[in-house]
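Comments concern the structure below.
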Amino acid sequence: MPELPEVETIKNGLNKLIINKTVASVSYDWPKSFPNSKSDYKSFLIESRVELVRRRAKVLIVNLSSQYSLVIHLKMTGQLVYKDKKTRFGAGHPNRSLIGKLPDKSTRVTVSFDDGSKLFFNDQRKFGWMRLMPTIEIENLDFFKRVGPEPLSDNVNWKVLRDRFKRKKNSSIKASLLDQSVLAGIGNIYADESLWGAKIHPAILVGTLKDKDYQTLYKEIVNVLNLSISLGGSTDKNYIDAEGKKGSYLAFAKVFRKEGLPCPRCGHTIIKTRVANRGTHLCPHCQRR
DNA sequence: CACTTGACCTGTCCGC
DNA sequence: TGCGGACAGGTCAAGT
């Protein structure tokens, strides 16, 4: 899915595109993608106004004037794409092939605003969801009660990272980075990229890490996430932002999907293996066990 | 408890 | 071409 940088990019886009718009109607064709009762969305989504779009971990929160919010998880293949009435996606338009023909067969939910513009929730694999709930109850969701701190928050530093990893000492470092209750927002791409930056083998057990490792790893996580946000995230297959644009981070990635290519640091061949049951990319020379 | 595996889905790619 | 299996950015429930 969209990881932290992709969700952040979508959030920024939506804050430019849908603030103060009023919902006119909603339609959906896959109930699990929109698990809300008809009376709820008629009362608290229709005719309510979008006030603010926020992000926590990989989750988007659209605050509505009804005191309800849409809580959205895009999981692996979810997209949130805005399309207004006047933009023409004619031949030659850069986003034509991506959003010109929406809705399409992957469109699960369509939110229509009263000015005729629409927000499409597309999701090929149907893992994602868009749930309506009272804004004050969001913090009580199990996920939000357990989720770890935001890695780019001012309150987080390498010592926080070390403390968060304490209870994971018998897990691999990669599995721990993917665990949202340890640290929020990191997924498979940025786990591999930051471990390469820190020269740490993904299968190393957390219990063997030294303070120096945490210092380096924390710095790499911040660098990698910030770089990706500045590049609009990573587009591997499905990801596009709220305007239909792809992200360009993977052109700068060092190991993710780079198996068979030389390591940009030492020239040894990058390999792909399996750690924590996930495809894992690393340089076997720089990242020793 | 901590940790791993299977399930949720569709689509694509690769080997036979 | 067709078919089976593995795999894909995430998370949860159920297993050990």
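Numbers restart at 1 for each chain; the letters A, B, ... are given by sequence-line order, proteins then strands.
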Legend entry - Same-atom distance (P) from dG5(C) to dA7(B), integer angstrom: 15 Å
Inset, instruction - Would you kindly say whether T273(A) and T280(A) are connected by a side-chain donor-acceptor distance under 3.5 Å? - result: no
Inset, instruction - Round to the nearest Å and state the distance from N188(A) atom CG to dG9(C) atom C1'. - result: 7 Å
Inset, instruction - Just call it for K32(A): base, sugar-phosphate, or nothing, with non-hydrogen atoms closer than 4.0 Å on any strand. - result: sugar-phosphate
Inset, instruction - Check whether the aromatic ring of F127(A) stacks on the base of dT11(C), taking stacking as ring centres less than 5.5 Å apart and planes within 30° of each other. - result: no
Inset, instruction - Just call it for N170(A): base, sugar-phosphate, or nothing, with non-hydrogen atoms closer than 4.0 Å on any strand. - result: sugar-phosphate
Inset, instruction - Respond yes when some side-chain nitrogen or oxygen of R278(A) is under 4.0 Å from OP1 or OP2 of dG10(C), and no when none is. - result: yes
Inset, instruction - For residues P151(A) and L4(A), determine if any side-chain heavy atom of one lies less than 4.5 Å from a side-chain heavy atom of the other. - result: yes
Legend entry - Nearest-Å distance for atom pair CZ/C1', residues F256(A) and dG9(C): 6 Å
Legend entry - Sugar-phosphate, base or nothing in reach of G279(A), heavy atoms under 4.0 Å: sugar-phosphate
Legend entry - Between P of dT12(B) and NZ of K237(A), the distance in whole Å: 10 Å
Legend entry - Distance, rounded to the nearest Å, where D179(A) contributes CG and dC12(C) contributes C1': 12 Å
Legend entry - N/O (side chain, R274(A)) to phosphate O (OP1/OP2, dA8(C)) under 4.0 Å: yes
Legend entry - Donor-acceptor contact below 3.5 Å, side chain Q79(A) vs main chain N238(A): yes
Legend entry - Under 3.5 Å side-chain donor-acceptor pair for K118(A) and S112(A): yes
Legend entry - K166(A) side chain near dA2(B) phosphate (N/O to OP1/OP2, under 4.0 Å): no
Inset, instruction - Can you tell me which stems involve DNA chain C, if a stem is defined as three or more consecutive Watson-Crick or G-U wobble pairs, both distances under 3.5 Å? - result: B:2-8 with C:10-16, B:10-16 with C:2-8
Inset, instruction - Taking only the side-chain nitrogens and oxygens of K126(A), find out if one of them lies under 4.0 Å from OP1 or OP2 of dT10(B). - result: yes
Inset, instruction - Looking only at side-chain atoms of S171(A), point me to the closest of dC3(B), dT11(C), dG9(C). - result: dC3(B)
Legend entry - Euclidean distance for P, dC3(B) against dG9(C) (whole angstrom): 22 Å
Inset, instruction - Answer with base, sugar-phosphate or nothing: what part of the nucleic acid does Y239(A) contact at a heavy-atom distance below 4.0 Å? - result: base
Inset, instruction - Please determine if R265(A) forms a cation-pi arrangement with W196(A), meaning its NZ or CZ atom is less than 6.0 Å from the six-membered ring centre and no more than 45° off the ring axis. - result: yes
Legend entry - Phosphate contact (dG11(B) OP1 or OP2) by K105(A) side-chain N/O below 4.0 Å: yes
Inset, instruction - Taking atom types as modelled, find out whether E6(A) and Y249(A) have a side-chain donor-acceptor pair closer than 3.5 angstrom. - result: no
Inset, instruction - Could you check whether W30(A) gets within reach of a base, just the sugar-phosphate, or nothing at all, counting any heavy atom under 4.0 Å? - result: sugar-phosphate
Legend entry - Residues K254(A), E193(A): salt bridge by 4.0 Å N-O rule: no
Inset, instruction - For R108(A), report the nucleic acid contact type (base, sugar-phosphate, nothing); a contact means any heavy atom under 4.0 Å. - result: nothing
Inset, instruction - Check the distance between dC12(C)'s P and F144(A)'s CZ and give it to me in whole angstrom. - result: 10 Å
Legend entry - Phosphate-side-chain proximity, Q124(A) and dC9(B), N/O vs OP1/OP2 below 4.0 Å: no
Legend entry - Whole angstrom value for the distance that separates C1' of dT4(B) from CG of N277(A): 7 Å
Legend entry - L74(A) CG - dT11(C) P separation (whole Å): 11 Å
Legend entry - Phosphate OP1/OP2 of dT11(C): any H73(A) side-chain N/O under 4.0 Å: yes
Legend entry - Minimum side-chain heavy-atom gap V50(A)-L70(A) below 4.5 Å: no
Legend entry - No-H, no-angle donor-acceptor pair, R125(A) side chain to dA8(C) base, under 3.5 Å: yes
Inset, instruction - May I have the step-by-step check of ring pair (Phe, Tyr, Trp, His ring centres under 6.0 Å) for Y41(A) and F34(A), ending in yes or no? - result: CA-CA 10 Å; Y41(A) 73 74; F34(A) 191 72; 5.4 Å; yes
Inset, instruction - Could you check whether S106(A) gets within reach of a base, just the sugar-phosphate, or nothing at all, counting any heavy atom under 4.0 Å? - result: nothing
Legend entry - Distance between P atoms of dC9(B) and dC3(C) (Å, rounded): 24 Å
Inset, instruction - Please report, rounded to the nearest Å, how far the C1' atom of dC13(B) is from the CD atom of E259(A). - result: 13 Å
Legend entry - dT5(B) versus dC7(C) - spacing of their P atoms, nearest Å: 14 Å
Inset, instruction - Could you check whether N238(A) gets within reach of a base, just the sugar-phosphate, or nothing at all, counting any heavy atom under 4.0 Å? - result: base
Legend entry - Along DNA chain C (nearest heavy atom to each residue), the more 5'-positioned of H281(A) and F143(A): H281(A)
Legend entry - Pair S33(A)-R131(A), side-chain donor/acceptor within less than 3.5 Å: no
